[in-house]
Amino acid sequence: MKYNFNDIEAKWQKYWAENQTFKAENNSNKPKYYVLDMFPYPSGAGLHVGHPLGYIASDIYARYKRHQGFNVLHPQGYDSFGLPAEQYAIQTGQHPAITTKDNIATYRRQLDQIGFSFDWSREVRTSDPNYYKWTQWIFIQLFNSWYNNDSDKAEDISTLETIFSSGGNDKVNAVCDENIQPFSAEDWKSFSSEKQQQILLQYRLTYLAETEVNWCPALGTVLANDEIINGVSERGGHPVIRKKMTQWSMRISAYAERLLQGLDKIDWTDSLKESQRNWIGKSVGASVTFNVLPITNNQQPTTISVFTTRPDTIFGVSFMTLAPEHELVQQITTPEQKAAVDAYILATAKRSERDRMADVKTISGAFTGAYAEHPFTKEPIPVWIGDYVLAGYGTGAVMSVPCGDERDYAFANHFNIPIINIFEGVDISESAFSDKDKTVIGNSDFLNGLNYKKATKRAIYELEQIGQGEGKTNYRLRDAVFSRQRYWGEPFPVYYVKGMPQMIDASHLPIKLPEVEKYLPTETGEPPLGNATVWAWDTNKNEVVSNDLIDNETIHPLELNTMPGWAGSSWYFNRYMDAHNENEFASKEALDYWQDVDLYIGGSEHATGHLLYSRFWQKFLFDKGVVPKDEYAKKLINQGMILGTSAFCYGFGPGLSYEKPTDVVEAAKAGIKNKKYVIPKESYDKGLKGELDNITRKIIDEIIAEYKSKGFNVKYVGDEFSGTFTPFRVSLNHLKGTSDFLDIESLKQDSLFSFIKDAIFITDENGNYTTYRDVEKMSKSKYNVVNPDDIVEDYGADSLRLYEMFLGPLEQYKPWNTAGITGVHSFLKKLWKLYADDNGLKVTDATPTKDALKTLHKTIKKVQEDIENFSFNTSVSTFMIAANELTAQKCTSKEILEPLLVLISPYAPHIAEQLFASIQFGKIIDVDDLPQNYEGISKASFPEFDASHLVESSKNYPISFNGKMRFTMELPLDMSKDAIEKAVLANEKTQEQLAGRTPKKVIVVPGKIVNIVG
RNA sequence: GCUCAAGUGGCGGAAUUGGUAGACGCGCUGGAUUCAAAAUCCAGUUUCUUCGGAAGUGUGGGUUCGAUUCCCACCUUGAGUACCA
């Protein structure tokens, strides 16, 4: 019987689904293991071969853990809210829910045919009301919480109210808005309930505030910092501007330190942790307050507070710089400087964020005319403004120490501000000295002679003594904007009474997305939900009612924004534990049993988005006692991207290139229909170098001849040809099989490539045009997308799985090339032949040979090590070696061949199941004929490695001379060092190598190597 | 600029504690089988070579009996981040 993969795979996939083979139980005597994939956004384009890479890896691990006796949770779902479905709705009017449902169906079909061992009974979809009910619920919990720095955790807002009414806000150590007004317990009690609500909002973990947001006009929505790359939107590359808007925000800054500390206890890659550390951006230093010297006697005293990481350089301060947007600028600027300052502010305001980022070398600024007083020397310090100081970081003001900071140095030089040197024995005439550890402080009163560490400590102490500063830690991490002006997202469970947000009671959730006529913003600029006509909250009936009924007494308007994409993905891993629970977000029993994710696999592009926000929510839920762990994923692996290999042709002719020589251009303008040519890569390369090869020369001669025949007087005028050939991509569908040869006829018939329809292809002597292949990201527009459906049809799911793993290390970026898949495919055919031939099953009860046992056990050892190290590529090689060896040994022994299948089963589950079942029944069995009680290979135990089969009695020693291996010698392993040395020296090849020299030294490492020096 | 990865045949890659560099596969070359093709099987395939050998893991140096592996400097590529005080 032949290896009929299409038949086998379809039947086993059906069998697994029907028998719920991979369903995980929420209680079990077995140890638990949770393997999680980052769930996909179901896009309309479906899967390409790059997408399943991580899923295959996690599936191998999940199957391996089942063989090891674990109760494995391996779920899958869909991150199904998002922009593309909404944009499709805007274009076509089709409801995003329908688009999403269709896309999910496609994804499911594609995933199913790869043979994943997902427990689909736990599927989640973030856009399902039964799911987002709990996303809304978490939002309410965040609203009802504040962060207590004393207990270092989130607490219920009621505890804050209690503190307020007993002692005001004086003693509260909370993470909250800036500029909170102090009040006493009496004040609090006297406040109106609205005023109280306003104050509480400044403390809540999710809060409504007018903040400066990143507004993307093209997308009509705000974006979070992680959704902006180089000043433009991640999606679409549209410009982003700063704008003040009232938005929901998440007080993630409350968790900055815990998010940073938590990284130390999780096994994530260093680069990913590093990204998160950078994003959190902790810097330790001091805040220092400078008194501004009054210009006139009746001026209000003001202060400028700054954050610095170098309080030790306080005596080096020779000026201060404020961000142009700093609120004090107008107040302190002197009348003489007002014109200059205003002009500068105007000039900076005109520059976009992007310009400012791109141009960091130009030094600009203006003097305010004001002076601050040095806290210790009491000397006056000029106050400048400059756009190198960012309003959004620290306090938006810096104390400038030109001798210790490059930017301050450049600024001081540019504006001729004095530079004070406070470093002992350091020359600062050329540049600033920012290496804090290599000198001691001088010229600094009480800091003289101290090193960086001691001086910092002392400076902070002295500042505290005079009440003008304290030690402070600053974080770059900003609170995350949580409102989006979109339709296809979770609605907020929020209505407004007199402009104050009110939470809908959790018992009335979910608040379902309303129907709208149009998915665009309203004419008055409200978000799409502003189009909904039934979008008001009736506080008596506790239901969503028509907007007409709004009376602002019992019926109130609902929130028009929706939640961002990361809302639903920040907790989904917990929902899988108890996916259908209607009363809780997951039951306590399920959460206690599964605890956390043991292995999480997904892309590194989520490093500062999803992976940070989800850690934040997990910590919050942990504080609330809802989840048992404050980090949800013990280990995380980033799979690398699979790149496509695009195929290029090189065109020459109108519409494909410029027309040179000049005379030919003129002729073309005169209305001659020119010829197009597709030339080989070598001709193109030569053209780039300005040389002409025979082919190009021939083409030009042909063109000239044609013009001449039409009566034009043309001639070729030069050899300059660079840039006249145009490379263009062709679709992989137009290549012959998996080769690089172009199927010219099919290309010409494709309407996508109509521009090349009439071209003449310059082929080789066999009539082939060879395309040039280059590695790029897979994308539809590059025509290099490979669909897994095609691979599965041609080679089978097992081949696809093996090949994706065989390509290279999991974490690495690597190119896909379908041609290579024949290697793993013929391995599977060879494997099949080991078990079956034309007469049926070959497996016997024969006693295995020593060699076969050795092959098996070294394979067990290697494969087990590889899986545990996530080195899946090398285990595929190991399987190939094992199959090659066993074939050579003509092994038919069940004792060898049965355990081998268990080893292979995580990688190639279909063929392993088929052969395993066949061995059980002594013939190639059809899945349909299996008895009811049959337990498949997934219940089989992973084979035990037995080292005794690998014991050797001799070793083929490499004999090296000065470290270079020259020949080998077979010697017994129990031979003593001396005996080995004697035997090697006695060998005639040794004497040959030495050529008469006497060895200075002989290194013998028993069991490893012999090295002769001399 | 800073941070983090990574540089090995024509290609993807292997060598897990320093110990026979190039496993395994693709591609290529030759052969067998076939009327022919596909498929399959066998042999070869780092480079140079006077066929004895010699050189060789981005470059230059170092440590070591011995370095793809450890250390220093540099070059290149990729990713992230950026007037962060």
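Below, all heavy atoms of this structure are taken into account, side chains as well, without hydrogens, waters or symmetry copies. Worth saying up front: this structure is predicted, and the values here are computed from it rather than measured. We name chains A, B, ... by the order of the sequence lines, and we start the count at 1 in each one.
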Exercise. How are the rings of A/Phe967 and A/Phe961 set to each other: parallel, tilted or perpendicular (split at 30° and 60°)?
Worked result: tilted

Exercise. If you measure from the Lys or Arg side-chain nitrogens to the Asp or Glu carboxylate oxygens, is any gap between A/Lys736 and A/Asp743 under 4.0 Å?
Worked result: no

Problem set entry | Atom P, compared across B/A6 and B/G58: separation rounded to whole Å | 13 Å

Exercise. Would you find more than 12 non-hydrogen atoms of other residues, nucleotides or ligands less than 6.0 Å from A/Asn962 atom CG?
Worked result: yes

Exercise. Does A/Ser871 reach the main-chain N or O of A/Ile867 with its side chain, forming a donor-acceptor pair under 3.5 Å?
Worked result: no

Seminar exercise, completed: Symbol by symbol from the 5' end, with Watson-Crick or G-U pairs under 3.5 Å, [ ] crossing and | another strand, RNA chain B is (((((((..(((......[....)))((((((.......))))))(((....)))..(((((..]....))))))))))))....

For this session: Have a look at A/Thr822 and say if it touches a base, only the backbone sugar-phosphate, or nothing, with a 4.0 Å heavy-atom cut-off.
Result: sugar-phosphate

Exercise. Mind checking the C1' distance from B/A21 to B/C28? Whole angstroms is fine.
Worked result: 22 Å

For this session: May I ask you to decide if A/Leu263's main-chain N or O and A/Lys273's side chain share a donor-acceptor pair within less than 3.5 Å?
Result: yes

Exercise. Can you say whether the rings of A/Tyr772 and A/Phe648 are parallel (under 30°), tilted (30 to 60°) or perpendicular (over 60°)?
Worked result: tilted

Seminar exercise, completed: Per-nucleotide protein contact along nucleotides 43-62 of chain B, 5' to 3', at a 4.0 Å heavy-atom cut-off (B base, S sugar-phosphate only, - neither), is -----------SSB------

Seminar exercise, completed: A/Arg407 atom CZ is separated from B/G1 atom P, nearest whole Å, by 17 Å

Exercise. Considering only side-chain heavy atoms of A/Tyr393, which listed nucleotide, B/A85, B/G19, B/C24, is closest?
Worked result: B/A85

Exercise. When the P atoms of B/G44 and B/U63 are considered, how many whole Å apart are they?
Worked result: 41 Å

Exercise. When you check the gap from the basic side-chain N to the acidic O, do A/Lys833 and A/Asp837 get nearer than 4.0 Å?
Worked result: no

Exercise. With respect to the side chain of A/Lys829, which nucleotide from B/U40, B/A82, B/C24 is positioned closest?
Worked result: B/U40

For this session: Take the protein atom CD1 of A/Ile1009 and the nucleotide atom C1' of B/A15, then report the distance between them rounded to whole Å.
Result: 14 Å

For this session: Using atom CD1 of A/Ile1012 as one end and atom P of B/U64 as the other, report the distance to the nearest whole Å.
Result: 21 Å

Exercise. Atom CH2 of A/Trp279 to atom C1' of B/U3: distance rounded to whole Å?
Worked result: 15 Å

For this session: Produce a footprint string for nucleotides 4-14 of chain B: one letter per nucleotide, 5' end first; B if the base is under 4.0 Å from any protein heavy atom, S if only the sugar-phosphate is, - if neither.
Result: S-------BSS

Exercise. Closest heavy-atom contact between A/Leu973 and A/Gly1007?
Worked result: CD2-CA, 3.9 Å

Exercise. Hey, does the side chain of A/Ser604 reach the backbone of A/Asn638 with a donor-acceptor pair shorter than 3.5 angstrom?
Worked result: no

Exercise. Is A/Thr289 close to A/Ile304 at the side-chain level, that is, under 4.5 Å between some pair of heavy atoms?
Worked result: no

Exercise. Taking the side chain of A/Val389 as its heavy atoms from C-beta onward, which of B/G19, B/A85, B/C65 lies nearest to it?
Worked result: B/A85

Problem set entry | Separation of atom CG in A/Asn278 from atom C1' in B/C84, rounded to whole Å | 11 Å

Problem set entry | Charged N-O contact under 4.0 Å between A/Glu981 and A/Lys1001 | no

